[in-house]
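Reckoned from all heavy atoms, side chains included, excluding hydrogens, waters and symmetry mates. These figures come from a predicted structure and were not determined experimentally. In what follows, chains are A, B, ... by sequence order, proteins preceding strands, each numbered from 1.
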Number of protein chains: 4
Amino acid sequence: MHRGNRYGRSEDARRAVLEAADDLVAERGFAGVTVEGIAARAGVAKQTIYRWWPSKVDVLLEAFGDDLAQHLTPPDLGDLGDELREHLHRLAEFLTRSDPGAVYRALVGQAQHDPDLAARLRTGHLARQRERDRLPLLRAVERGDLPPDLDTDLAVDQLVGPVHHRVLVTGEPVPRAFTDELVRRFLAQW
Amino acid sequence: MHRGNRYGRSEDARRAVLEAADDLVAERGFAGVTVEGIAARAGVAKQTIYRWWPSKVDVLLEAFGDDLAQHLTPPDLGDLGDELREHLHRLAEFLTRSDPGAVYRALVGQAQHDPDLAARLRTGHLARQRERDRLPLLRAVERGDLPPDLDTDLAVDQLVGPVHHRVLVTGEPVPRAFTDELVRRFLAQW
Amino acid sequence: MHRGNRYGRSEDARRAVLEAADDLVAERGFAGVTVEGIAARAGVAKQTIYRWWPSKVDVLLEAFGDDLAQHLTPPDLGDLGDELREHLHRLAEFLTRSDPGAVYRALVGQAQHDPDLAARLRTGHLARQRERDRLPLLRAVERGDLPPDLDTDLAVDQLVGPVHHRVLVTGEPVPRAFTDELVRRFLAQW
Amino acid sequence: MHRGNRYGRSEDARRAVLEAADDLVAERGFAGVTVEGIAARAGVAKQTIYRWWPSKVDVLLEAFGDDLAQHLTPPDLGDLGDELREHLHRLAEFLTRSDPGAVYRALVGQAQHDPDLAARLRTGHLARQRERDRLPLLRAVERGDLPPDLDTDLAVDQLVGPVHHRVLVTGEPVPRAFTDELVRRFLAQW
DNA sequence: ATATAATCGAGACGGTACGTCGGGTCTTCCT
DNA sequence: AGGAAGACCCGACGTACCGTCTCGATTATAT
């Protein structure tokens, strides 16, 4: 078994750490995740974690991985309304029901009092997600279904903002009725 | 200085604790606030804090006080557009520039991995704020400027959601141009 | 149970720590004594140890206590030869067979690469022991059995030095024949 | 530089390790010597140390080398008193002032809580030194200056014991007056 | 001259213990 | 009765070394 040497780290250790971190967030929540706990569950030395990750949020950030891309790439259905309804519904489900959604909320929460994490989260995962969120709008513009001078930044905030607000701030449920009506109103602007 | 007596708690101690907590959030951020630190700065025994507040977030919650009501009560100007523009602008300023806004963000952040705090925050400050957010819309319905069957819950989310999203998630600035255009689009739905 | 407060430390904790330290030296030797181990066995928090003792050798130093005085006070028998023979035999037994003797050897060993410990050991236990070692000689001088200008410092080294040398350096056994002959030769000087 | 080959170890590496170890004892004391530190200073891999020495004390033991024979071979002067006076004085100087003397004290100290080291130290360096210590006495017996049935073991302990005691236990200085008087008393036994 | 294999540097790995920080509970004395 | 002070047990922090391991490079013979 590969156990690490000067020409490369142990892939086994890396995977074990990320899985342990993921499990612990799901089981005990963000506060229940400790470097000590990750190390114990992963069967790994603490030093191995500190060698590769500056802090536990970095572990979670990496464990989070491509979950956003996997869950939140909007479908290409040929109709703006259909695409937005589906995308917002998936977003709501992701945020409120999935394990990676819980990790995402934990990270965004932590980012409120950790500027460093905030910066990395935003230039990384969030920036890429924003580009994905933009896709249905860009396609609609190309088809001529939306005005060519559309402010896509604002439009994206109009769509995903209310969903995030419900989840992160008010904690209310986000049923399909909510996201569908949100899209209907959005399209009523033109 | 008052050092305890048999007929009730010390108002001095209470105020010292809340002020120390507020100062510490401003100076060192949420993570820099510890019960030990509050006690030291307030010149108060740890036990006195634990006697009256279950945890440090409760101290912050009380220190937060009526700041929301003071900063975020929408003005009554007779015109829906004017009121919404002003209200959203004040919200953006509050969230991004003020000290209590920083505390607010810290509390919302902590609430992501602290269900207990989340519940108290929502049934308290947030529920009252939501009622305030609703006022311009209700007045507009009364005036006949908006349809009487308006879903005010959704409408409020449409307005404050994008602003919160920018502040809490993407971290982008929220200039007046953004909030003004948001209101213009909102009103364009009808 | 008293558990410590601002007006005094916990006597229970103190005793538990000292006993645990003593047991551990006896069971596992000096290298087997760790602050963590003492804390675990004593049922005490590590911090409580660090609060009152700068290091583990300080714990052992205090645990060592009055063992020297108890074991190595020379008897008053009225005859110099009898007293020295008995005293040296007891010294040999103490050093080679007793638990506190093992602690003593460990402390002297550690003192070889710990100047701070060396200083405290010498101004404390060792200085007092040297005074006890001198007693039989002083009594003999008073009785006129030894010259009044006797250099007691040198005489003490002549007597206990060879025994220590055997125990600490060569590790050879120190039977009664050895100590008895040592005394015979010592007395033959005059 | 030599970097390993199939037929035998690197003499460069060996010397670098021993020198680094010696330097570190002198600079930082026994506790400051770590395998990691030796490797770093010697520009050698840790594994290279572990391949050839079981532990750091073995490195020191080898680094110690023939220092005892070099410093502590008693001179052959034809007169017992002269030889003993000189030998004990050199012993005192070696123990209290020289670098190898410091290593010697560190090793004897460590041997108090390391039975393995103790055994190797005693069957090696110490046994050979004891034979050297015996030489002046054996010569004197041959010359008829000492009785033929002399217990040389005891006699050696009588001579070097007090010096070791001062150095290792009480830490007092060992001036020439002390060693000279010690020899005078020793000779007064017959 | 080339192929081979012990040794070398480097350093990642699983561990143990370190000494520190803060948490939340307690006891005591003073007001 | 309430408050200041602070000792207590506890859990986690991030660091230092331990001793083991694997890797690719080096190099003196034995073919």
Short of 4.0 Å, heavy atom to strand atom, which residues of residues 105-116 of chain C count as contacting DNA chain E? none

Residue-level proximity of residues 49-56 of chain A to DNA chain E when a heavy atom falls under 4.0 Å: A:Arg51, A:Trp52

Would you indicate whether the side-chain heavy atoms of B:Trp53 and B:Val17 approach each other to under 4.5 Å? yes

Is there side-chain contact between D:Glu27 and D:Arg41, with heavy atoms separated by less than 4.5 Å? yes

Check whether the side chain of A:Lys46 and the base of E:dG14 form a donor-acceptor pair under 3.5 Å. no

Counting only distance, no hydrogens or angles, is the base of F:dC10 paired donor-acceptor with the side chain of C:Gln47 under 3.5 Å? no

Go through the structure and list residues passing side chain to side chain contact (heavy atoms under 4.5 Å, CB included) with A:Thr34, not counting sequence neighbours. A:Glu36

Hey, does C:Gly43 reach any base, or is it just sugar-phosphate, or nothing, if we go heavy atoms under 4.0 Å? sugar-phosphate

So, does D:Gln112 use its side chain to make a donor-acceptor pair with the main chain of C:Leu168 at under 3.5 Å? yes

I'd like to know if the side chain of C:His125 reaches the main chain of C:Gly65, judged simply by a donor and an acceptor atom lying under 3.5 Å from each other, with no hydrogens or angles considered. yes

Cation-pi, C:Trp52 ring and C:Arg14 (6.0 angstrom, 45 degrees): no

Return the value, rounded to whole Å, for the distance between atom [atom1] of [X] and atom [atom2] of [N].
X	N	atom1	atom2	answer
A:Arg15	E:dC13	CZ	P	13 Å
A:Arg9	F:dT22	CZ	P	19 Å
D:Arg41	F:dC17	CZ	P	14 Å
D:Asp12	F:dT27	CG	P	11 Å
A:Ile38	F:dG14	CD1	P	11 Å

Given [options], identify the nucleotide with an atom nearest to the side chain of [X].
X	options	value
D:Thr34	F:dC9, E:dG14, F:dC18	F:dC18
C:Val35	E:dG19, E:dC13, E:dG24	E:dG19
C:Ala13	F:dC18, F:dC9, F:dC13	F:dC9

Contacts of C:Asp116 meeting side-chain hydrogen bond (donor to acceptor under 3.5 Å, both in side chains) (sequence neighbours excluded), chain-then-number -> C:Arg120

For B:Arg15, what residues pass the salt bridge (charged side-chain N to carboxylate O under 4.0 Å, His left out) criterion, not counting sequence neighbours? B:Glu11, B:Asp12

With sequence neighbours left out, write down each residue that passes salt bridge (charged side-chain N to carboxylate O under 4.0 Å, His left out) with C:Arg28, or none if nothing qualifies. none

Which is more 5' along DNA chain F, the nucleotide nearest A:Val33 or the one nearest C:Ala42? Just name the residue. C:Ala42

Quick check: on DNA chain E, is the nucleotide nearest B:Gly37 upstream (toward 5') of the one nearest C:Glu36, or the reverse? Name the residue that is more 5'. C:Glu36

For A:Thr48 and E:dG14, is the shortest distance between a side-chain N/O and OP1 or OP2 below 4.0 Å? yes

